[in-house]
Amino acid sequence: MIYVEANNLPSHIGIIMDGNGRWAQLRGRERVEGHREGSKAVRRIVRAARRLGIRALTLYAFSEQNWARPELEVDALMQLLREFLLSERDEILENGIRLNAIGNLGRLPAVVRTVLDPLRNESATREEMTLTLALSYGGREEIADAARDLAREVAAGTLRPEDVTEHTLHARMPSLTVGDPDLVIRTGGERRISNFLLYGLAYAELHFADVLWPDFTEHDLYEAIASFQRRERRFGLVGKPAEPILASEGEVATPASTDGAASEKAAENAPVLRLVG
Ligand code: FPP
(Lines give C-alpha, C1' and ligand atoms only; values in the text may rest on other atoms or scores of the structure.)
Protein backbone atom coordinates (compact mmCIF):
# COMPACT_ATOMS: atom_id res chain seq x y z
CA MET A 1 0.00 0.00 0.00
CA ILE A 2 1.36 3.46 -0.91
CA TYR A 3 0.11 6.45 1.02
CA VAL A 4 -0.11 9.72 -0.88
CA GLU A 5 -1.13 12.83 1.06
CA ALA A 6 -3.79 14.66 -0.88
CA ASN A 7 -2.85 18.03 0.62
CA ASN A 8 0.83 17.80 -0.27
CA LEU A 9 0.78 16.91 -3.94
CA PRO A 10 3.44 18.24 -6.28
CA SER A 11 1.64 20.89 -8.28
CA HIS A 12 3.72 20.44 -11.42
CA ILE A 13 5.27 17.10 -12.38
CA GLY A 14 7.65 16.71 -15.30
CA ILE A 15 8.48 13.31 -16.77
CA ILE A 16 11.41 12.22 -18.92
CA MET A 17 9.88 9.13 -20.53
CA ASP A 18 12.96 7.05 -21.24
CA GLY A 19 13.38 3.41 -22.14
CA ASN A 20 11.02 2.77 -25.07
CA GLY A 21 13.82 1.56 -27.34
CA ARG A 22 15.28 -0.80 -24.77
CA TRP A 23 11.83 -2.15 -23.94
CA ALA A 24 11.43 -3.18 -27.58
CA GLN A 25 14.99 -4.46 -27.99
CA LEU A 26 14.61 -6.68 -24.91
CA ARG A 27 11.70 -8.34 -26.69
CA GLY A 28 13.46 -8.61 -30.06
CA ARG A 29 11.07 -6.03 -31.52
CA GLU A 30 11.57 -2.79 -33.49
CA ARG A 31 12.22 0.39 -31.45
CA VAL A 32 9.01 1.83 -32.87
CA GLU A 33 7.08 -0.90 -31.05
CA GLY A 34 8.54 0.43 -27.81
CA HIS A 35 7.27 3.92 -28.63
CA ARG A 36 3.83 2.49 -29.39
CA GLU A 37 3.77 0.79 -26.01
CA GLY A 38 5.09 4.05 -24.53
CA SER A 39 2.01 5.84 -25.88
CA LYS A 40 -0.16 3.50 -23.83
CA ALA A 41 1.82 4.45 -20.74
CA VAL A 42 1.23 8.13 -21.58
CA ARG A 43 -2.55 7.55 -21.56
CA ARG A 44 -2.33 5.63 -18.27
CA ILE A 45 -0.25 8.26 -16.51
CA VAL A 46 -2.22 11.27 -17.78
CA ARG A 47 -5.42 9.66 -16.42
CA ALA A 48 -3.82 8.78 -13.10
CA ALA A 49 -2.37 12.27 -12.65
CA ARG A 50 -5.69 13.93 -13.38
CA ARG A 51 -7.60 11.62 -11.04
CA LEU A 52 -5.09 12.40 -8.31
CA GLY A 53 -5.52 16.15 -8.75
CA ILE A 54 -2.10 17.04 -10.21
CA ARG A 55 -2.42 20.56 -11.62
CA ALA A 56 0.25 20.35 -14.30
CA LEU A 57 1.97 17.48 -16.05
CA THR A 58 4.77 18.10 -18.56
CA LEU A 59 5.89 15.16 -20.69
CA TYR A 60 9.17 15.15 -22.60
CA ALA A 61 7.84 13.52 -25.76
CA PHE A 62 10.41 14.64 -28.33
CA SER A 63 13.58 16.63 -27.83
CA GLU A 64 15.15 19.07 -30.23
CA GLN A 65 18.01 16.57 -30.43
CA ASN A 66 15.68 13.67 -31.33
CA TRP A 67 15.39 14.99 -34.92
CA ALA A 68 18.78 13.35 -35.52
CA ARG A 69 17.29 9.86 -35.00
CA PRO A 70 16.66 7.66 -38.07
CA GLU A 71 13.94 9.11 -40.25
CA LEU A 72 11.76 6.03 -39.86
CA GLU A 73 11.76 6.42 -36.07
CA VAL A 74 11.07 10.17 -36.24
CA ASP A 75 8.16 9.59 -38.64
CA ALA A 76 6.75 6.86 -36.44
CA LEU A 77 6.94 9.12 -33.38
CA MET A 78 5.13 11.90 -35.24
CA GLN A 79 2.45 9.44 -36.32
CA LEU A 80 2.07 8.20 -32.73
CA LEU A 81 1.68 11.76 -31.51
CA ARG A 82 -1.03 12.37 -34.05
CA GLU A 83 -2.83 9.15 -33.07
CA PHE A 84 -2.56 10.06 -29.39
CA LEU A 85 -4.04 13.52 -29.94
CA LEU A 86 -6.87 12.15 -32.07
CA SER A 87 -7.74 9.29 -29.75
CA GLU A 88 -7.52 11.36 -26.54
CA ARG A 89 -9.28 14.45 -27.86
CA ASP A 90 -12.67 13.73 -26.33
CA GLU A 91 -11.28 12.58 -23.02
CA ILE A 92 -9.08 15.68 -22.80
CA LEU A 93 -12.00 18.01 -23.44
CA GLU A 94 -14.47 16.13 -21.24
CA ASN A 95 -12.09 15.98 -18.31
CA GLY A 96 -11.17 19.63 -18.14
CA ILE A 97 -7.63 19.15 -19.42
CA ARG A 98 -5.87 22.01 -21.14
CA LEU A 99 -3.52 20.62 -23.74
CA ASN A 100 -0.42 22.69 -24.24
CA ALA A 101 2.79 22.24 -26.20
CA ILE A 102 6.23 23.75 -25.76
CA GLY A 103 9.31 23.66 -27.92
CA ASN A 104 10.21 24.56 -31.45
CA LEU A 105 6.71 23.75 -32.73
CA GLY A 106 7.43 25.24 -36.14
CA ARG A 107 9.58 22.17 -36.89
CA LEU A 108 6.69 19.76 -36.38
CA PRO A 109 5.19 18.24 -39.54
CA ALA A 110 1.67 19.05 -40.67
CA VAL A 111 0.41 15.61 -39.57
CA VAL A 112 0.98 16.76 -36.00
CA ARG A 113 0.23 20.48 -36.29
CA THR A 114 -3.17 19.91 -37.87
CA VAL A 115 -4.38 18.01 -34.81
CA LEU A 116 -2.28 19.73 -32.15
CA ASP A 117 -3.21 23.34 -32.90
CA PRO A 118 -7.02 22.90 -32.89
CA LEU A 119 -6.89 20.88 -29.67
CA ARG A 120 -4.74 23.52 -27.98
CA ASN A 121 -7.30 26.15 -28.96
CA GLU A 122 -10.35 24.10 -28.03
CA SER A 123 -8.97 23.14 -24.63
CA ALA A 124 -7.45 26.54 -23.81
CA THR A 125 -10.00 27.39 -21.13
CA ARG A 126 -9.98 24.01 -19.34
CA GLU A 127 -8.72 24.27 -15.79
CA GLU A 128 -8.55 20.84 -14.12
CA MET A 129 -5.05 20.03 -15.29
CA THR A 130 -2.61 21.37 -17.86
CA LEU A 131 -1.00 18.63 -19.91
CA THR A 132 2.05 20.00 -21.67
CA LEU A 133 3.81 18.04 -24.37
CA ALA A 134 7.42 19.06 -24.82
CA LEU A 135 7.92 18.62 -28.57
CA SER A 136 11.06 19.52 -30.42
CA TYR A 137 11.97 20.91 -27.02
CA GLY A 138 15.32 21.73 -25.46
CA GLY A 139 15.94 23.45 -22.14
CA ARG A 140 19.00 25.36 -23.36
CA GLU A 141 17.13 26.42 -26.47
CA GLU A 142 14.26 27.70 -24.29
CA ILE A 143 16.68 29.76 -22.17
CA ALA A 144 18.31 31.17 -25.32
CA ASP A 145 14.88 32.06 -26.76
CA ALA A 146 13.89 33.87 -23.56
CA ALA A 147 17.22 35.72 -23.48
CA ARG A 148 16.73 36.75 -27.12
CA ASP A 149 13.22 38.05 -26.31
CA LEU A 150 14.64 40.17 -23.50
CA ALA A 151 17.47 41.42 -25.70
CA ARG A 152 14.94 42.52 -28.32
CA GLU A 153 12.92 44.39 -25.69
CA VAL A 154 16.06 46.15 -24.48
CA ALA A 155 17.01 47.02 -28.07
CA ALA A 156 13.50 48.37 -28.67
CA GLY A 157 13.79 50.50 -25.54
CA THR A 158 10.80 48.83 -23.80
CA LEU A 159 12.97 47.20 -21.11
CA ARG A 160 15.91 48.58 -19.17
CA PRO A 161 19.05 46.39 -19.02
CA GLU A 162 18.79 46.37 -15.22
CA ASP A 163 15.35 44.76 -15.58
CA VAL A 164 16.90 41.66 -17.09
CA THR A 165 16.54 39.54 -13.98
CA GLU A 166 15.85 35.93 -13.09
CA HIS A 167 12.17 36.93 -12.86
CA THR A 168 11.86 38.61 -16.26
CA LEU A 169 13.69 35.64 -17.81
CA HIS A 170 11.39 33.21 -15.97
CA ALA A 171 8.33 35.08 -17.23
CA ARG A 172 9.38 34.41 -20.82
CA MET A 173 9.72 30.65 -20.47
CA PRO A 174 6.72 28.81 -21.92
CA SER A 175 7.51 25.72 -19.82
CA LEU A 176 7.04 27.68 -16.59
CA THR A 177 3.68 29.36 -17.17
CA VAL A 178 2.28 26.53 -15.02
CA GLY A 179 4.94 27.18 -12.37
CA ASP A 180 8.28 25.53 -11.71
CA PRO A 181 8.26 21.75 -11.71
CA ASP A 182 8.09 20.41 -8.15
CA LEU A 183 8.92 16.86 -9.09
CA VAL A 184 10.75 15.55 -12.14
CA ILE A 185 10.66 11.82 -12.80
CA ARG A 186 12.99 10.02 -15.19
CA THR A 187 12.31 6.42 -16.08
CA GLY A 188 14.68 3.97 -17.73
CA GLY A 189 17.46 3.85 -15.15
CA GLU A 190 19.63 6.77 -16.35
CA ARG A 191 20.35 9.56 -13.90
CA ARG A 192 20.54 12.65 -16.04
CA ILE A 193 18.36 15.57 -17.11
CA SER A 194 18.96 15.54 -20.88
CA ASN A 195 18.15 19.21 -21.52
CA PHE A 196 14.69 19.07 -19.90
CA LEU A 197 13.17 22.15 -18.17
CA LEU A 198 16.64 23.36 -17.21
CA TYR A 199 15.69 26.79 -15.85
CA GLY A 200 12.69 25.56 -13.88
CA LEU A 201 14.59 22.67 -12.35
CA ALA A 202 16.34 24.92 -9.83
CA TYR A 203 14.50 23.50 -6.81
CA ALA A 204 12.73 20.48 -8.28
CA GLU A 205 12.91 17.17 -6.50
CA LEU A 206 14.29 14.47 -8.78
CA HIS A 207 13.04 10.90 -8.87
CA PHE A 208 14.84 8.28 -10.94
CA ALA A 209 12.99 5.05 -11.63
CA ASP A 210 14.66 2.01 -13.12
CA VAL A 211 11.49 0.83 -14.82
CA LEU A 212 11.38 1.38 -18.60
CA TRP A 213 8.73 3.90 -19.68
CA PRO A 214 6.34 1.39 -21.35
CA ASP A 215 6.22 -0.51 -18.04
CA PHE A 216 5.65 2.60 -15.90
CA THR A 217 2.32 2.23 -14.10
CA GLU A 218 0.04 4.30 -11.88
CA HIS A 219 1.69 2.49 -8.99
CA ASP A 220 5.12 3.83 -10.03
CA LEU A 221 3.68 7.34 -10.25
CA TYR A 222 2.22 7.07 -6.74
CA GLU A 223 5.56 5.80 -5.47
CA ALA A 224 7.36 8.79 -7.00
CA ILE A 225 4.88 11.16 -5.36
CA ALA A 226 5.13 9.39 -2.00
CA SER A 227 8.92 9.72 -2.20
CA PHE A 228 8.51 13.45 -2.99
CA GLN A 229 6.28 13.82 0.08
CA ARG A 230 8.89 12.27 2.36
CA ARG A 231 11.44 14.95 1.44
CA GLU A 232 11.97 18.30 3.07
CA ARG A 233 12.14 21.05 0.47
CA ARG A 234 14.32 23.87 1.70
CA PHE A 235 14.64 26.23 -1.31
CA GLY A 236 18.09 27.31 -0.09
CA LEU A 237 16.87 28.02 3.45
CA VAL A 238 17.71 26.11 6.61
CA GLY A 239 15.67 23.05 7.48
CA LYS A 240 13.00 22.74 10.13
CA PRO A 241 14.62 22.08 13.51
CA ALA A 242 14.52 18.43 14.50
CA GLU A 243 11.71 17.66 16.92
CA PRO A 244 13.02 18.07 20.46
CA ILE A 245 12.76 14.99 22.58
CA LEU A 246 12.04 15.55 26.25
CA ALA A 247 14.45 13.45 28.28
CA SER A 248 11.82 12.95 30.94
CA GLU A 249 8.65 14.54 32.21
CA GLY A 250 10.54 16.05 35.17
CA GLU A 251 12.84 18.09 32.95
CA VAL A 252 10.14 20.13 31.21
CA ALA A 253 10.79 23.85 31.69
CA THR A 254 8.33 25.89 33.66
CA PRO A 255 7.01 29.05 31.94
CA ALA A 256 9.55 31.90 32.02
CA SER A 257 9.21 34.29 34.89
CA THR A 258 10.16 37.92 35.06
CA ASP A 259 11.89 37.17 38.32
CA GLY A 260 15.67 36.89 37.64
CA ALA A 261 16.38 34.03 40.02
CA ALA A 262 13.32 32.13 38.87
CA SER A 263 14.23 32.46 35.18
CA GLU A 264 17.77 31.23 35.94
CA LYS A 265 16.20 28.23 37.61
CA ALA A 266 13.92 27.75 34.58
CA ALA A 267 16.95 27.84 32.24
CA GLU A 268 18.65 25.14 34.31
CA ASN A 269 15.53 23.01 33.95
CA ALA A 270 15.11 23.64 30.18
CA PRO A 271 14.18 20.56 28.14
CA VAL A 272 17.11 18.35 27.18
CA LEU A 273 17.31 18.13 23.40
CA ARG A 274 18.30 14.99 21.56
CA LEU A 275 18.53 15.41 17.81
CA VAL A 276 16.96 12.64 15.85
CA GLY A 277 17.18 11.61 12.23
C1 FPP B 1 12.90 8.00 -25.05
O2 FPP B 1 13.09 6.61 -25.12
C3 FPP B 1 11.59 8.33 -25.56
C4 FPP B 1 11.35 9.16 -26.60
C5 FPP B 1 12.44 9.80 -27.35
C6 FPP B 1 10.00 9.40 -27.11
C7 FPP B 1 8.90 9.37 -26.11
C8 FPP B 1 7.66 9.05 -26.83
C9 FPP B 1 6.60 8.38 -26.33
C10 FPP B 1 6.52 7.97 -24.93
C11 FPP B 1 5.45 7.98 -27.20
C12 FPP B 1 4.76 9.05 -27.94
C13 FPP B 1 4.41 10.24 -27.11
C14 FPP B 1 3.15 10.67 -26.85
C15 FPP B 1 2.95 11.89 -26.05
C16 FPP B 1 1.96 9.99 -27.33
P17 FPP B 1 14.29 6.04 -26.01
O18 FPP B 1 13.77 5.77 -27.35
O19 FPP B 1 15.45 6.96 -25.96
O20 FPP B 1 14.59 4.71 -25.24
P21 FPP B 1 16.00 4.00 -25.05
O22 FPP B 1 16.80 4.89 -24.12
O23 FPP B 1 15.63 2.70 -24.41
O24 FPP B 1 16.61 3.85 -26.40
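Read the numbers this way: they start at 1 and go in the same order the structure lists the ligands and their atoms. Here the structure is a predicted model, which is why all the values come from computation and not from measurement.
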Can you tell me how far OH of Y222 sits from CD1 of I2, rounded to the nearest 0.5 angstrom?
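The OH atom of Y222 is 9.0 Å from CD1 of I2, to the nearest 0.5 Å.
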
If you measure from CD1 on I13 to CG on L52, what distance do you get to the nearest 0.5 Å?
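Atom-to-atom, I13:CD1 and L52:CG are 7.5 Å apart.
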
For [atom], find the nearest protein heavy atom and state the residue, atom name and distance (0.1 Å precision).
atom: atom 19 (O) of ligand 1; answer: R69 NH2, 2.8 Å
atom: atom 24 (O) of ligand 1; answer: R31 NH1, 3.1 Å
atom: atom 4 (C) of ligand 1; answer: H35 CE1, 4.0 Å
atom: atom 3 (C) of ligand 1; answer: M17 O, 3.1 Å
atom: atom 6 (C) of ligand 1; answer: A61 O, 3.3 Å

List every atom of ligand 1 that sits less than 4.0 Å from any heavy atom of [X], numbering the atoms from 1 in the order shown and giving each element.
X: W213; result: 10 (C)
X: D18; result: 1 (C), 2 (O), 17 (P), 19 (O), 20 (O), 21 (P), 22 (O)
X: F84; result: 16 (C)

Checking [X] side chain against [Y] main chain: does a donor-acceptor pair fall under 3.5 Å?
X: T158; Y: E153; value: yes
X: R22; Y: D18; value: no
X: W23; Y: G34; value: no

Using 30° and 60° as the class limits, which term best fits the ring planes of F62 and W67: parallel, tilted or perpendicular?
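If you compare the ring of F62 with that of W67, the planes turn out perpendicular.
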
Compare [options] and give the one whose heavy atom is closest to [atom].
atom: atom 12 (C) of ligand 1; options: A41, G38, S39, G189; value: S39
atom: atom 10 (C) of ligand 1; options: N20, N66, L77, I16; value: N20
atom: atom 21 (P) of ligand 1; options: Q65, E37, R22, R43; value: R22

Candidate list E141, E64, E142, test side chain to side chain donor-acceptor pair (under 3.5 Å), partner N104, passing option:
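Of the listed residues E141, E64, E142, the side chain to side chain donor-acceptor pair (under 3.5 Å) partner of N104 is E64.
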
Ligand 1 and G21, any nitrogen or oxygen pair closer than 3.5 angstrom?
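Yes, since at least one N or O of G21 sits under 3.5 Å from an N or O of ligand 1.
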
Indicate yes or no: at least one non-hydrogen side-chain atom of V46 is less than 4.5 angstrom from one of I97.
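When only atoms from C-beta onward are counted, I97 and V46 do touch, with a gap below 4.5 Å.
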
Does a side-chain heavy-atom distance below 4.5 Å link M17 with L59?
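Of all side-chain heavy-atom pairs linking L59 with M17, at least one is under 4.5 Å.
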
Please verify whether a non-hydrogen atom of E83 lies at under 4.0 Å from ligand 1.
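Contact absent.
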
May I ask you to say whether E128 pairs ionically with R126, meaning some side-chain N is under 4.0 Å from a carboxylate O?
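Salt bridge between E128 and R126, a charged N being under 4.0 Å from a carboxylate O: no.
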
Side chain, backbone, both or neither: which part of E190 has a heavy atom under 4.0 Å from ligand 1?
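Contact part for E190 vs ligand 1: neither.
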
Using heavy atoms and a threshold below 4.0 Å, how should the contact between W23 and ligand 1 be classified: side chain, backbone, both, or neither?
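For W23, there is no contact with ligand 1 at all, from either part.
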
